[in-house]
Amino acid sequence: MLRFFLSRLALLIPTFIGVSIVAFAFIRLLPGDPIMLLAGERGMSEERYQQLQSLYGFDQPLFVQYFHYMTDLLQGDFGTSIVTKRPVLQEFLTLFPATLELSLSAIILAIAIGVPVGVIAAVKRGSWLDQTVMGAALVGYSMPIFWWGLLLIILFSGILGWTPVSGRISLLYFFPPVTGFMLIDSLLSGQPGAFKSAVSHLILPTIVLATIPLAVIARQTRSAMLEVLGEDYVRTARSKGLPPRRVIGLHALRNALIPVVTTIGLQVGVLLAGAILTETIFSWPGIGKWMVDSVFKRDYAVVQGGLLLIAAIIMIVNLIVDVLYGLINPRIRH
Amino acid sequence: MSNKNGALLDIRNLSVEFETAGGTLRAVDGVSLSVDAREVLAIVGESGSGKSVSMLAVMGLLPWTAKVKADAMLFQGRDIMNLSPAERRKIVGKDIAMIFQEPIASLNPCFTVGFQIDETLKMHTNLTSRQRRDRTVELFEAVGLPNAADRLSAYPHQMSGGQCQRVMIAMAIACDPKLLIADEPTTALDVTIQKQILDLLVSIQVEKDMGMIMITHDMGVVAETADRVIVQYKGKKMEEADVLSLFEKPQHPYTKALLSALPENATGDRLPTVSDFVFDEAPQTGARP
Amino acid sequence: MTSTNTKDPNAAVGLEGGTVIAVSRRARLAEFWYYFSQNRGAVIGLYVFIAIVLIAIFAPVLAPHSPTMQNRGFFLLPPVWEEGGNWSFILGTDAVGRDVLSRLIYGARFSLFIGVVVVSVAVSVGILIGLIAGYFRGAVDTVIMRVMDIILAFPSLLLALVLVAILGPGLVNAMIAIALVQQPHYVRLTRAAVMSEKGRDYVTAARVAGAGNIRLMFKTILPNCTAPLIVQAALSFSAAILDAAALGFLGMGAQPPTPEWGTMLAEAREFILRAWWVVTFPGLAILITVLAINLMGDGLRDALDPKLKRS
């Protein structure tokens, strides 16, 4: 198992170096002089220009620049925001919990609904229930989620007035972040109503972000279950007199989960792409909105650092999924 | 011989139909059969003759698309057709057990073999987990799996086909069934292993006083194991006889064809096939192996 | 299975070539249509898609107004069935008095154009690279696949967003970015298909008969790898439309006043609580188009995937 893990880890290293080259190249590929881009709209004196150029090392050969860039990275220095003058890593770490909270609740929702629905659709194959559920899944899969979010806002915030339009919690509440997860922090704060407010802010973004993964997981679960239900070992399980609940929920599902876990792993990239849109619509202060804002503010240091950090997260999650895949599939484990 | 009182399993006029895109397919057509306790009945026929389907119908393992009809399906005098699914599950796996053709595919790849046997015991007995473990070890030894205690935590893919079939047999006899249905139990195995598994089945059948139904297409297996034989073709029963008279005086032309198609009867460099022996029931386009 | 391999033996025969190929093509097409039409959703999707194509082609005829004309005095007019609606603006007007219906009709042109361009670029580049990787293997393959891994390590929309930031906002750049982000899927698919086909006897036979690398790659192997590529093309056609709309929504795709559906949504955002129609209809247009294509994609997969055909 450890060897399996290490071999997967080793495979990641060249990819990570590649990703770092992409991020490194990014600022240099932008049209225009990187220093002028970093300086922003105001421009600067010739003296200041020279000073900055040597500060950032743009006067040195590319590979030397890359070497410095990598040494900085390995020391945890991902650059400094041009707009806020704060280290990129620090900004990232402040905002990441918000994205993590949203993504986690979305993926939990997607799994909690998608897997059972897929199983039921497979068991009742061809029934109206199956057709309805799979039709809904295809609509979800085809959904432009930025529009879906706006529709939900119109309905639940505009017409019904049930949920707030944006943010993570009502401005009435203030407490220092402990975990960075608003649900937990609001509970810890002990302020009455704070938790309820956090939940009501989280609901719509969660639904929007969960839509596509939910559809994909339901479809994948259904097709994996259909395949597995025809297997000989399912017949064996039934021949033992086991109740359908156990045959389907244990013997079949356990095998069907193997491809489903891979699918869930692949949804992480989808989630982070979705977070860009969802956070923008709901003004959710996470890294997706941060990246979009930085692109617009031409805060290229943030874009560069954020690109690298997000890619690193996806790679780590994929590694975890790989390991998980090995854990749930005995044929790989041994 | 059939339909007598006190038979272990007594099926009368069983039919199974499948609705397919190309119309209704009648896989089993009015078959009656009975097995006594301690008796070995062989059902022979080529692929698609409905021999497995009728036994899957007894076990209640057919997909819901199948329509099963029978005048009666008596097991120990009780009509299992009329039982609720829950009541039927109390019999299936306990008093009637079944083993299948593909032993490796028939075991769940995600669970250890020990778990899969334990599960059967848990379902049908009141043994404690300690007792179930001892019972499983005992079963493994009974079916000739060495190092039984270590084998419990093995996964099916870590075992050979023959070993997996032994596990399947252990699982089938876990609750001391009255009737064991073996569906082509040796077909997927190496020739050298086939004999071992057959011997094991026969010795267990004798030892445990079980009735046994052996589904096969192999006349050699029939000769070696069965007391009585039913020959089935295209869902219909062609002939029923005790094993000696069947081999000596086959009545039905199809049975004769089957027997003549044994490799021993090859002439020159050509193997005989069933379709070489024309008989009017069906223009057959060659039996699949 | 029979359908995938029939083509090459026929092509190789060459003698009575013409008719044989024509017959086998027609037979395969008939078989394909049989399986495709079994899937009711796919057929509905196909009809809707044809309708959208027709709308796009005949946009100038169908649209009651110019998509960019601002009608003074008709700002944020609701659809005709709402109170205050007007029959000359059936789906209402936007904040500067443009007819929503006309903009939607013209928008179909952009979405289909985006889909076609992105898929063509991604398919041709992806297949070429995938063929090279799968056919030559070795170091070339390793390098190519590592590069694809790198592209896939980023969330597609984020990478597209950053690429557009580099290239500058606009429809063409958005399409380039989306095509680049999508082509690793084709590279992977082609490579996998080529690797599994390469060992087949018919390829060895062609090689023995003296076919060169280029001929082997494009004429012998590629035609037998098309099924998964066609399915992927359908899926990425809809993904391209979605991504382009998303970029438009973020202000990085087509720029106003282009009547691109995503861009229309971006412009409508501030009015969501006041004028629901300016938000609802462009999104509905995206959803219907993408849904129709995905329905077709499912049908294509069922009809072309022999593995699923059997079950």
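Chain identifiers are assigned alphabetically (A, B, ...) following the order of the sequence lines, protein sequences preceding nucleic acid strands; residue numbering begins at 1 within each chain.
The residue from B:Lys94, B:Met123, B:Glu119 that alone fulfils the side-chain contact (heavy atoms from CB on, under 4.5 Å) condition with A:Lys240 is B:Glu119.
In this structure, B:Tyr155 OH and A:Asn329 CG are separated by 10.0 Å, a value rounded to the nearest 0.5 Å.
Contact of the A:Thr236 side chain with the B:Met168 side chain is registered, since non-hydrogen atoms from C-beta on lie closer than 4.5 Å. Side-chain contact check for A:Ser239 versus B:Phe100: some heavy-atom pair is nearer than 4.5 Å.
Across all their heavy atoms, A:Arg238 and B:Leu62 have their closest contact at NH2-O, 3.6 Å. Shown here for B:Cys110 and A:Ile258, the closest heavy-atom pair between the two residues is SG-CD1, 3.8 Å. In plain terms, the two heavy atoms of B:Phe115 and A:Leu250 that are nearest each other are CZ-CD2, 3.9 Å.
For the set B:Ile96, B:Thr120, B:Ile181, B:Leu56, the count of heavy-atom pairs under 4.5 angstrom toward chain A peaks at B:Thr120. With chain B as partner, the option from A:Ala237, A:Ala252, A:Pro244, A:Pro243 having the largest number of non-hydrogen pairs under 4.5 angstrom is A:Pro243.
Checked by atom type and distance alone, the side chain of B:Asn108 pairs as donor or acceptor with a backbone atom of A:His251 at under 3.5 Å.
The environment of B:Asn126 atom CG is sparse: at most 12 non-hydrogen atoms of other residues, nucleotides or ligands sit within 6.0 angstrom.
Using a 4.5 Å cut-off between heavy atoms, B:Leu107 touches chain A through its backbone atoms (N, CA, C, O) alone. Residue B:Ala105 touches chain A through both its backbone and its side chain, counting heavy-atom pairs closer than 4.5 Å. Looking at A:Leu229, there are no atoms closer than 4.5 Å to chain B (heavy atoms on both sides), in backbone or side chain.
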